[in-house]
**Student:** 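Structure in C-alpha cells, see below.
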4 protein chains.
Amino acid sequence: MSDDYKKNKKALILKSAFECFAEKGFQVATMEDIVKHSNISKGAIYNYFSSKDEIYIELMNERTSESINKLRDELGRLKTSNEKLEHLFNVYSDVNKTSDYVNATRVHIEFWLYSTRKDDLRTIMISRFNMYKDLFKTIIDEGIKNGEFSKKANSEELSLIFWGVIDGSSLHHAMLLELFPFQNVITELKQIIYLKLKEK
Amino acid sequence: MSDDYKKNKKALILKSAFECFAEKGFQVATMEDIVKHSNISKGAIYNYFSSKDEIYIELMNERTSESINKLRDELGRLKTSNEKLEHLFNVYSDVNKTSDYVNATRVHIEFWLYSTRKDDLRTIMISRFNMYKDLFKTIIDEGIKNGEFSKKANSEELSLIFWGVIDGSSLHHAMLLELFPFQNVITELKQIIYLKLKEK
Amino acid sequence: MSDDYKKNKKALILKSAFECFAEKGFQVATMEDIVKHSNISKGAIYNYFSSKDEIYIELMNERTSESINKLRDELGRLKTSNEKLEHLFNVYSDVNKTSDYVNATRVHIEFWLYSTRKDDLRTIMISRFNMYKDLFKTIIDEGIKNGEFSKKANSEELSLIFWGVIDGSSLHHAMLLELFPFQNVITELKQIIYLKLKEK
Amino acid sequence: MSDDYKKNKKALILKSAFECFAEKGFQVATMEDIVKHSNISKGAIYNYFSSKDEIYIELMNERTSESINKLRDELGRLKTSNEKLEHLFNVYSDVNKTSDYVNATRVHIEFWLYSTRKDDLRTIMISRFNMYKDLFKTIIDEGIKNGEFSKKANSEELSLIFWGVIDGSSLHHAMLLELFPFQNVITELKQIIYLKLKEK
DNA sequence: GATGAATGAGTATTCATTCAT
DNA sequence: TATGAATGAATACTCATTCAT
C-alpha cells in the first residue's frame, strides 16, 4: 500500500478518535467506540497504532503542531507588533463560536492533565507551552524594541496572563457554553493589556 | 456509634480519596487504591458512600463549599474594596507554594471536565462558578459605587479575566511546577487590573 | 431472658424472613432486608440463627410441621373416609384465595428445589413428602376397607395425582393469579377421582 | 465468521449454561462456572449474550419453543383425538427415565418462579402456559365434537389437571428420583381422565 | 442479649489487546 | 493489510458473617 494510503488511514483514525474523546473523554471512550465511529476494524487500527495511549499522544501531537505552525505562519505574514498582537486576540475571540472549540478544549485539557502524570509527556508539554509563551512574549519584546510598546511592560508575565486567560476561559466556556461571553472577555483583556503596553 | 465518629470516618475516606484522585486521577484511581490508602475496608467505605461517583461528588462539594465560605468569611472582615481585592490577589499569590495546590488543581479541573458531561452536575457547577464570579464582581461594583474604582471598569469582564487567569495559570502551574512563576503572574495581573480600576 | 421471650423473638425473625423470601426469593433477599423488615438488628438475628441457610431451613421446618399437624388434627376429628377426603379437597379449594398462599407457594417450591441439591435436606423432604402422600393414601385405603370406596382404586397413584395437582396448580396459580381457576380445578379433580372411587 | 459458526457457538454456550444452572441453580451458578464448563472465555460469552440474565431467558425461550413445536408437530401427524391424547400421555410417561428430565425440571421450575417476579417475563410465561393448556384442551374439544369423548367433559379443567399433574409430579420426581413412580402416576391419570371422557 | 460498623471474599461485567483466518 | 472473535486481567460493587462496644 502506498504511503499516502497509510497516511490517510491514520488521519481517519485520529479524526475519529478525537471525536470520540471529545464526546466521552479519553478514559471513557473505548476502542470499540472508535471502531464504530471510524468504520475501521479493531485489528486495522492496531496496525497503525500500538495502543490507545499512542493514538491519544499522536493525536495531540499532531493537533498541537498544526495549531502552533498555523499561528506562526499567520503571524509571520504580519509586520508590526501591533498587528501581530491584534491577530492573536482575534484568533481566540472568534474561535469560541464553534462547538468544535468546546470539544477541542475538553480533549486538550484532559490531555494536559494526563501529561501531568507522565514524565516523558510532561517534558514535551512543557516545551510546547514555552513555544506558545514565547510566541506572545516575542511579539511584546519586539514591540518594545521597535518602540511600539512601553518599556515598562513585562513580556514574560503578560504572556503568561494572556495564555492563562485563554486556557482558563476556554475551560469556563466549555462548561457555560453560550452563557460565557468569551468575546467580551477577550476584548477586555486586550484593553487592559494595552493599557500596560501603552503606559508611559 | 456517635455522629461524630461517622463524620470523622467520612472525612477520612474523603481525604484518602482526594489523595488517590490527586495521584492518579479519578478514573484511574480504583476503590482498591482508596482501601489501601485509607486502611478502611471496601465494605466500610460503601457503608458511607454508595458509589465511587458519590465519593467524587461529595468530595468536590465539600471542598468547594469550604473554599468559597472561607473566602467570603475573610472578605467579610475587610472594609474597603481595595483591601478586599488585595486580599483576593494575595490568597492566590500565596497558595501556589504548596504541592497540595497542584494536587487540588488536578482534581478540581478533572472534576470540572467530568461535570461538563453530566447535566445535573453541570447545573451545580455553573452556579458555583457564578458565586466565584460574583465575589470578584461585587467588590468592583462596590468600589465603583464608593469611588475607590473608576467608573470605566467593566466588573463582569474583569472578574472573568481574574478567574480565567487563576484557573488557567493553576493548570499551567500543575504542569510546570516550580518553573511557573505563579506569584509574578498574579502581581502583574494585579497591576494591569489596577491600571483599569484607576483609569480616569 | 425467659425462654418465652426467646421463642417469641425467633418467631418474629422467621415471620419476617418468610415475608422477605416471599417477596424476593431466598437468594435475592438479603440479611439486611430481614433486618429492616423485622426491626431486629443483624447481630441479634445471628444470636438466634447461625446462618441465613439455617433461618431458611428452620422456617420451612416449622411451616411444614405446622401445616401437616393441622391437617392431621382436622382429619382426626372427622369420621368417614368420605368426610375426610372432602375436607382435603376443601382445604385446597379455599386456600388459594389469599395472596398469602401465592407467597407460600413461591417460598415452598423454591425451598423444594433448594433441598433437591442438599443431601441432608433431601432425606428430610422425602420423608415429609411421604407423610403427605400417606395422609391421602390412608384415607383411600381405609375407605376401601370399610366399603366406602371401590376396590379398584389405586390409593398410591391417586394420592400422587392429588398432590401433583395441588403442587402443580399452586405453581401455575402463582404465575397466573386470578386468571387461574383454582377452585374449578379442584372441583373437577374431586369429580374424576370420585369417578374412580365409586367405580364398580 | 459464518452465521453457522455463531449459531453453533451460541448453542454451545446455552448448553453449558443449562448444565451449570441444572447443577447449581441459576442464582448460584456463576459466569465463571459457565466459562470453565464451556471452555469459552468470559469475554467471548459476553460477545454473544449481554448478561447472565439474557443467557437464562434466551435459554428458556429456546427450550420452550422447541418443546412446544415438537409437541405440535407430533400431534399434527395424528388423526383421532384418542391417538392424540394417548400420545400426550406417552410423551410424559417416557420422558422421566432420563436424568436429563430431572435437570430440565429444576431449571424450568426455577425459571418459572423467577418469571413470577418480573412483569415482562410473566406476560410471556402466561401466554406460553396458555399454549400448553390449549394443546390439551383442543384435543378434548375436538374429541367431544366428533363424538370420541363425552359431552360432560370440561376440557378447560381437565387440561389444567393434566398439566398440574405433569408439573407437580415432575417437581416431586426431581426430589424423589427413582423412588417416584412417574409412569404409574401417568397411567392412573390417564385412566381417571378417560373415565370422565367416556362418561355417559 | 443487642447493636450496627467492619470485613473481604465473591460476582457480573468491561475492554485493551491479540491473533487466526 | 483487514477482520472481528477471543482472551482474561481488572473493576465497581454486594453481602453473609464477625465482633467490639
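Just so we're on the same page: letters track the sequence lines, and every chain starts at 1.
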**Student:** Show, in sequence, the C-alpha distance, side-chain angles and deciding distance for B/Ile126 and B/Arg122, and conclude whether the side-chain contact (heavy atoms from CB on, under 4.5 Å) test is met.
**Tutor:** CA-CA 6 Å; B/Ile126 289 177; B/Arg122 208 181 140 243; 3.9 Å; yes
**Student:** Provide, to the nearest angstrom, the distance between the NZ atom belonging to D/Lys7 and the P atom belonging to F/dA5.
**Tutor:** 16 Å
**Student:** Which is more 5' along DNA chain E, the nucleotide nearest A/Val28 or the one nearest A/Gly43? Just name the residue.
**Tutor:** A/Val28
**Student:** Check the distance between F/dT7's P and D/Ile40's CD1 and give it to me in whole angstrom.
**Tutor:** 8 Å
**Student:** Any idea which of F/dT7, E/dA12, F/dA2 is nearest the A/Tyr5 side chain?
**Tutor:** F/dA2
**Student:** Mind calculating the distance between NZ (A/Lys24) and P (E/dT14) to the nearest angstrom?
**Tutor:** 12 Å
**Student:** Using purine N1 to pyrimidine N3 plus N6-O4 or O6-N4 for Watson-Crick, or N1-O2 and O6-N3 for G-U wobble, both under 3.5 Å, which nucleotide pairs with F/dA16?
**Tutor:** E/dT7
**Student:** Rounded to whole angstroms, how far apart are CZ on C/Phe21 and C1' on F/dA16?
**Tutor:** 12 Å
**Student:** Choose from E/dA6, F/dT3, F/dA6 the nucleotide whose nearest atom is closest to any side-chain atom of A/Ala44.
**Tutor:** F/dT3
**Student:** Looking at F/dC15, E/dT13, F/dC13, which one has an atom nearest to any side-chain atom of D/Met31?
**Tutor:** E/dT13
**Student:** With a 3.5 Å limit on both atom pairs, tell me what E/dT21 is paired to, counting Watson-Crick and G-U wobble, or say none.
**Tutor:** F/dA2
**Student:** Which is more 5' along DNA chain E, the nucleotide nearest C/Ile45 or the one nearest A/Ala29? Just name the residue.
**Tutor:** C/Ile45
**Student:** Hey, which of these two, B/Tyr46 or D/Asn39, hits DNA chain F nearer its 5' end, going by closest nucleotide?
**Tutor:** D/Asn39
**Student:** Is the phosphate of F/dT3, meaning OP1 or OP2, less than 4.0 Å from a side-chain N or O of A/Ser41?
**Tutor:** yes
**Student:** For B/Asp3, I'd like to know if atom CG has over 12 heavy atoms of other residues, nucleotides or ligands within 6.0 Å.
**Tutor:** no
**Student:** Would you please confirm or rule out a distance under 4.0 Å between OP1 or OP2 of E/dA6 and any side-chain N or O of B/Tyr48?
**Tutor:** yes
**Student:** Using the ring centroid of each side chain, check whether A/Phe111 and A/Phe26 are separated by less than 6.0 Å.
**Tutor:** no
**Student:** Round to a whole Å and report the spacing from CD of A/Glu32 to C1' of E/dT13.
**Tutor:** 15 Å
**Student:** Using whole Å, report how far NZ of D/Lys52 lies from P of E/dT14.
**Tutor:** 15 Å
**Student:** When you measure from the side-chain N and O atoms of B/Lys6 to the phosphate of E/dG4, is any distance below 4.0 Å, counting only OP1 and OP2?
**Tutor:** no
**Student:** Just to confirm, is there a sub-4.0 Å distance from OP1 or OP2 of E/dG4 to any side-chain nitrogen or oxygen of C/Lys42?
**Tutor:** no
**Student:** Of A/Asn47 and C/Gln27, whose nearest nucleotide on DNA chain F comes first from the 5' end?
**Tutor:** A/Asn47
**Student:** Would you please test C/Ile124 and C/Lys118 for side-chain contact (heavy atoms from CB on, under 4.5 Å) and show each step?
**Tutor:** CA-CA 10 Å; C/Ile124 297 173; C/Lys118 311 229 164 184; over 6 Å; no
**Student:** How is B/Ser51 classified with respect to the nucleic acid when contacts are heavy atoms under 4.0 Å: base, sugar-phosphate, or nothing?
**Tutor:** sugar-phosphate
**Student:** Measure CG/B/Leu12 against C1'/E/dA5 and give the value in whole Å, please.
**Tutor:** 15 Å
**Student:** Can you tell me how far C1' of E/dG8 sits from CD1 of B/Ile34, to the nearest Å?
**Tutor:** 17 Å
**Student:** Only one of B/Phe18, B/Trp112, B/Phe21 clears ring pair (Phe, Tyr, Trp, His ring centres under 6.0 Å) with B/Tyr56; which?
**Tutor:** B/Phe21
**Student:** Would you check if D/Glu110 and D/Gln27 make a side-chain contact, meaning some heavy-atom pair closer than 4.5 Å?
**Tutor:** yes
